[in-house]
K.L.:
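Before we start, here is the structure in question, set down as structure tokens.
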Amino acid sequence: MEYLTSIAQLLCLSVEGELQRANSLGEIEQEIRRQMIGAGRQALEIYLKKQKPKYPAETTKCQHCGQEAEYVRIREAKLHTILGSVQYERPYYLCRHCHRGTCPLDERLGLRPNQMSAELERLGGMTGVETSFGKGSQLFESLTMVRLSDQSLDKAAQVYGQEMERVEQLWQQEAHDPEKLGQRKRENRPPLRLYGALDAAKVHIRGDKEHPWRDLKIGAWFEARGQPPRQPDGEWQIRAENITYFTDICPASEFTNLFWATSVQRNAHLARELVILGDGAEWIWNLVAENFPDAIQIVDWFHACEYLAPVAKVAFKDPDKQTAWVEKVKTDLWQGRIEAVIAACEACLNPAREDDPAQKAATYFYNNQDRMDYATYRRNGYQIGSGTIESAAKQICLLRMKVPGAIWNLDSARYVAKARAAYLSDQWSFLAHRRSHLPLAV
Ligand SMILES: [Zn+2]
């Protein structure tokens, strides 16, 4: 601490010298911060210089093949860190067996020459999944005083998405390993009631003229507390807790593996009660039937209600009549009178119309009637609407992937979405830990 006091006194002199006479606290804060980062960068450089041995060993163990590598020379490199860019030097060895290079210092400290440091990548990636890369780059610089281009933010976010994909592959192996499943069963208390939700949203993909909009499939596992209101328009006080998200752009036949693998991580297969929410999309219920035939399937309340207003709009000219019809049918739906709902929609049918919303709604309610017994679900205290919880599609897709004008490369979209899902699932430090312990390539 005495050192720090001396540094602070010197820093103060230096700041005074730079500012002459400051007009505001903000100015002083900024200047101190700027100089502290500058001093930090120099400290890092000095630290790394001290790591360079005066007399490098003649040989070292090759990090790639484990054979002996021979000393070649001192090599210079650059690091991009949260304190800015730093030059450093270290002994470089070459392996005669695999013909690859090794720098023991890089390996020991996890240095990544000419790349973002693990810390810079962690923070850059976090920024990149929260906001567009352009805006993120500005935000990053104002917060850290280190410039990171939008391409670097993109790269950092994608790298985290790729890391997440590797984790998912491990989860998939675990989810198909009877021994590991058995161990999980012995070691975990089964969840009493666990919820799953599945959804999809469109993402604009570059370069695919036939399919410019692709489905980003999104899922969530969560627990919920509280009860739905007594009336459909009452206050929804259900809180979702311990949410984990997962996502990909792929056919349902592939997404099912991710669905199962993530479910095992949440012990969904052991749950006493498993409730899955979704809209009416067929792929969702096929996936549920395939993986969890005994799960309670519920069509999300808000999705179901969205079918009603278009029917009323076509059937009645008078806005008051429209509202009255919607309210009445909504109450029937709420009370579990699904037959009355279907009959009400059928009464509005107009065979002359090509795209008749009444026809669409009647079919929808008919096909999903077994998933719309809202009166019973409410009695059992089930969460019936994911709209009030952190809607998965909104969290992952709308708030990040669909920022105005966003057109994505397919890979980029997949990885950024995966990274965002991991971030929202509180898995960022777990991924950061994995990223900072990676074997290095020289
Ligand atoms: Zn080697």
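By convention here, the first residue in the shown sequence is residue 1. Order of listing sets the numbers, starting from 1, for every ligand and every atom in it.
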K.L.:
Quick one: are the ring centres of Phe259 and Trp221 less than 6.0 Å apart?
P.N.:
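Under 6.0 Å, so yes.
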K.L.:
Does Lys360 use its side chain to pair, donor to acceptor, with the backbone of Asp355 at less than 3.5 Å?
P.N.:
no
K.L.:
Regarding Asn242 and Glu223, do their side chains bring together a donor and an acceptor under 3.5 Å, going by distance alone?
P.N.:
yes
K.L.:
Can you tell me if, anywhere in Cys62, an N/O/S atom lies at a distance from the Zn ion (ligand 1) that is smaller than 2.8 Å?
P.N.:
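Here the distance criterion (N, O or S atom, under 2.8 Å) is met by Cys62, so yes.
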K.L.:
Closer than 2.8 Å to the Zn ion (ligand 1): does that hold for any N, O or S atom in His64?
P.N.:
no
K.L.:
Measuring from atom CD of Gln383 to atom CG of Leu277, what distance do you get when rounded to the nearest 0.5 angstrom?
P.N.:
6.0 Å
K.L.:
At less than 2.8 Å, would any N/O/S atom of His99, backbone or side chain, sit next to the Zn ion (ligand 1)?
P.N.:
no
